[in-house]
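Here the structure is laid out as structure tokens; the discussion comes afterwards.
Each chain gets a letter, A, B and so on, in the order its sequence line appears, and its residues count up from 1. Any value given below was found using the heavy atoms of this structure, including those in side chains, with hydrogens, waters and symmetry copies removed.
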Amino acid sequence: MSSVRVRFAPSPTGFFHIGSARTALFNWLYARHTGGTFILRIEDTDKERNSEAFLNLIYDSLAWLGLNWDEGPKIGKNGGGDFGPYRQSERSDIYRDYVAKLMNAGRAYEKDGAIWFKLLGERYEVFDEHRKKTVTKVKVPPVVIEDRIRGRVERLEDEDFVIVRSDGNPVFHLVNVVDDIAMQVTHIIRGEDHLSNTSKHVALYEGFGVKPPEFAHIPLILKQNGPGKMSKRDQGALIEEYQRRGYLPEALVNFLCLLGWNPGDDREKMPIDEIVRLFDLPGVNQSNARFDDKKLAHMNMAYLLAQPAEQFVAQAREYFTRCEKLIPVAPEYFRAVMLLCQPKVKGLEELPAYTAYFFTDDFVIDQKVRDKVMAKGEPKARLAELVELAKSADFTSEATMTEALKKLAESKGLGFGDYQAVARLAVTGTNVGPSITGIFHVLGRERTVRRLETCLTGF
RNA sequence: GUCCCCAUCGUCUAGCCCGGUCCAGGACACCACCCUUUCACGGUGAGAACCGGGGUUCGAAUCCCCGUGGGGACGCCA
């Protein structure tokens, strides 16, 4: 195990979204790539907005994405570690000690009931037009941030800032830095929105007399439509939504890592082991990336298509169960239906509607399609021929059905196409779906005959 | 308003660090054609970009400066 220690430090104050997931992912990838340690730390110092439900959502989402943590709150196989507790709400004593250190060193003072971090330098007052008030500034040299992705960044941090609120609770900047020191974090990989906080953090490290860790500020994910970064309120922003809709986590992870990182060549679909092997900080981009749900859907389809048969069936079953669409049928029948449709759908969420007619005779008939099919050729005659065929044909496999239907068409001097549309309408009610002979085979003789006859009778 | 970051097809991006092999490559999306049993998948092809202006250089997508545009931060939120 290398000495690299990275952390993902979410706060349970809202839904877990794409941006957080990618920050977690990049940290996880870096830890796995370097053989280091991935720490999960819960930044729950905002008592007003914390919720246990959001906390559980973080655990669930990370687990679903496969981002296991080595140290952190102990959940299942994850967690534990020598630097706990890993919830900031349980670390008050530690913060108190560190604040005392600053006080003793003359680097913190009390004002208005709060504790402020003290910058070293000559003080002067100035009126801030934007904030409409007079503020005390300190003459200090700019803070230098050596960022692994941005390079050298300079920023002036010239005002004292609050580190402990008047209610006694420490603020983000303080606890973030204290915990990173206490947990011996070596690399801080976080969103670029934190870049301007970093000058405060570097000042605090200096105040504690500790060399800051490596910083790596990754680009932000921009919302698909409209301006600005993606937030939890945006369309498609929530991880739980993808989970609910039956997206494959591998696909989402693969898509996410390509937002702001690339392997340096044209490869896109890669197994996670390969991504771990290739991922490194120099490969991370500097510019923000716009979220594209079409590309994600495509990635999901690619993964679905490549799924081994039994795994796909299991996933389909789980999805049907979860959204209460599972109709009690023989497992072999369910399996046959799913495998017939696997190459046809873009996602698991399409499956229930796409396969509905396999599970009920009372399926919806698309009237537009019906009118169209019935208006062309001699659908009634074809239907009658199909009924006879279905009564006698060999339903053993899709191939035997195809053979039988081809033979019928040939004997009438017609083509496969002359039967396909009307047959499909009769047994499925639509004009889209898998191979019609595949449907016959899966449906079996009894159902096929019944549906063809019903349609014929309905003329 | 101040400060910080960024800038290649509509989108994600390769190329940029180490200037010439780039009249800029791939993927998604879009369009056409092929395959075909409908719809997809797949295959082939088309259209589509170096933000603008200055410099440096024999030569710049690549280096420098300015402008513009995009993003972020300016809380006793995280």
Side-chain angles (χ1 to χ4, degrees), chain A residues 9-14 43-46 48-50 88 111-116 128-132 142 145 147 149-151 153-159 161-173 175-176 190-200 217 219-222 224 227-229 255 258-269 282 285-299 301-302 305 341-346 350 354 369 373 402 405-406 409 415-421 423-425 428 430-439:
Chain A
S11 60
T13 55
E43 305 218 336
D44 53 352
T45 54
D46 186 350
E48 297 292 304
R49 298 193 300 153
N50 283 334
Q88 290 183 332
K111 192 182 98 184
D112 303 333
I115 297 172
W116 298 65
D128 185 310
E129 291 289 346
H130 189 60
R131 284 182 288 176
K132 304 282 180 220
I145 302 153
D147 193 279
I149 293 167
R150 315 269 145 195
V153 177
E154 283 191 18
R155 191 170 182 280
L156 194 63
E157 190 66 48
D158 61 354
E159 286 177 36
F161 52 91
V162 170
I163 51 176
V164 181
R165 288 186 269 262
S166 47
D167 65 4
N169 288 311
V171 306
F172 162 71
H173 302 298
V175 297
N176 197 266
R190 71 204 334 181
E192 201 227 58
D193 49 347
H194 283 291
L195 187 53
S196 32
N197 291 326
T198 307
S199 46
K200 282 190 179 70
H217 286 94
L220 267 22
I221 299 174
L222 269 25
Q224 180 152 241
K229 65 170 175 172
F255 168 80
L258 258 16
L259 246 37
W261 173 84
N262 68 79
D265 54 36
D266 288 340
R267 278 178 301 169
E268 296 201 326
K269 184 169 180 287
N285 296 137
Q286 299 176 302
S287 46
N288 296 341
R290 200 168 291 278
F291 182 77
D292 181 2
D293 62 358
K294 291 247 179 54
K295 187 139 185 170
L296 169 56
H298 181 267
M299 186 65 81
M301 183 199 69
L305 229 44
C341 295
Q342 180 180 10
K344 312 294 280 186
V345 295
K346 274 187 159 31
E350 291 180 9
Y354 195 83
V369 171
V373 171
T402 305
L405 187 50
K406 279 208 170 124
F416 203 112
D418 293 297
Y419 292 91
Q420 189 272 139
R424 187 179 297 279
L425 174 72
T428 77
T430 79
N431 62 348
V432 301
S435 133
I436 186 61
T437 49
I439 296 174

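- Counting only heavy atoms from C-beta on, A:Ser287 has its side chain closest to B:C6 among B:C6, B:A78, B:U38.
- If you take CD of A:Gln88 and C1' of B:C77, they are 13 Å apart, rounded to a whole angstrom.
- When rounded to the nearest whole Å, the span between CG of A:Leu305 and P of B:G42 equals 7 Å.
- The side chain of A:Phe416 approaches B:U37 more closely than any other nucleotide in the set B:U37, B:A40, B:A78.
- Using a 4.0 Å heavy-atom distance criterion, A:Asp112 is classed as a base contact.
- Taking only side-chain nitrogens and oxygens, A:Arg165 comes nearer than 4.0 Å to OP1 or OP2 of B:A78.
- Nearest-nucleotide positions on RNA chain B for A:Tyr354 and A:Ile149 put A:Ile149 closer to the 5' end.
- Rounded to an integer number of Å, the gap from A:Lys200 NZ to B:A78 C1' is 13 Å.
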N/O-N/O pairs, protein side and nucleotides 68-73 of chain B side, under 3.5 Å:
| from | atom 1 | to | atom 2 | distance (Å) |
| --- | --- | --- | --- | --- |
| B:G71 | OP1 | A:Gly228 | N | 3.0 |
| B:G71 | O2' | A:Asn288 | ND2 | 2.8 |
| B:G72 | OP1 | A:Lys229 | N | 2.9 |
| B:A73 | OP1 | A:Lys229 | NZ | 3.3 |
| B:A73 | O4' | A:Ser196 | OG | 2.9 |
| B:A73 | O2' | A:Ser196 | OG | 3.1 |

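- Side chains of A:Thr45 and A:Asn169 form no contact here, defined as non-hydrogen atoms less than 4.5 Å apart.
- The NZ atom of A:Lys111 sits 12.5 Å away from the OG atom of A:Ser166 when rounded to the nearest 0.5 Å.
- Judged by atom type and distance alone, A:Lys294 does not reach the base of B:C28 through any side-chain donor-acceptor pair under 3.5 Å.
- Among the nucleotides B:U11, B:A7, B:A40, the one closest to the side chain of A:Lys346 is B:A40.
- Comparing B:C12, B:C76, B:U37 against the side chain of A:Ser435 picks out B:U37 as the nearest.
- Within the nucleic acid shown, A:Glu154 comes within 4.0 Å of sugar-phosphate atoms alone, with no base atom in reach, counting heavy atoms only.
- Nucleic acid contact class of A:Glu268 (heavy atoms, under 4.0 Å, all strands): base.
- For B:U37, its base sits under 3.5 Å from the side chain of A:Thr437 at one donor and acceptor pair at least.
- The side chain of A:Asn431 contributes no N or O atom lying less than 4.0 Å from OP1 or OP2 of B:C39.
- Rounded to whole Å, atom C1' of B:G26 lies 13 Å from atom CZ of A:Arg267.
- B:A73 and B:U2 make up a base pair, with Watson-Crick or G-U wobble contacts both under 3.5 Å.
- B:C41 adopts a syn glycosidic conformation, its chi angle falling within 90° of 0.
- Remark: A:Glu159 engages A:Arg131 in a salt bridge, criterion side-chain N to carboxylate O under 4.0 Å.
- Ring planes of A:Phe172 and A:His194: tilted class, angle from 30 to 60°.
- Under the 4.0 Å criterion applied to side-chain N and carboxylate O atoms, A:Lys295 and A:Glu268 are assigned as salt-bridge partners.
- In this entry the distance linking CG of A:Asp167 with P of B:G75 reads 18 Å, nearest Å.
- Here the straight-line distance linking atom CG of A:Asn288 with atom CD of A:Glu192 works out to 6.0 Å at 0.5 Å rounding.
- At whole-Å resolution of the value, CG in A:Asp292 and P in B:G26 are 19 Å apart.
- A sub-4.0 Å separation between OP1 or OP2 of B:U38 and a side-chain N or O of A:Gln420 is absent.
- Distance from the side chain of A:Ile436 is smallest to B:U37 among B:G26, B:U37, B:A78.
- The nearest whole Å value for the distance from the CG atom in A:Asp293 to the P atom in B:G10 is 19 Å.
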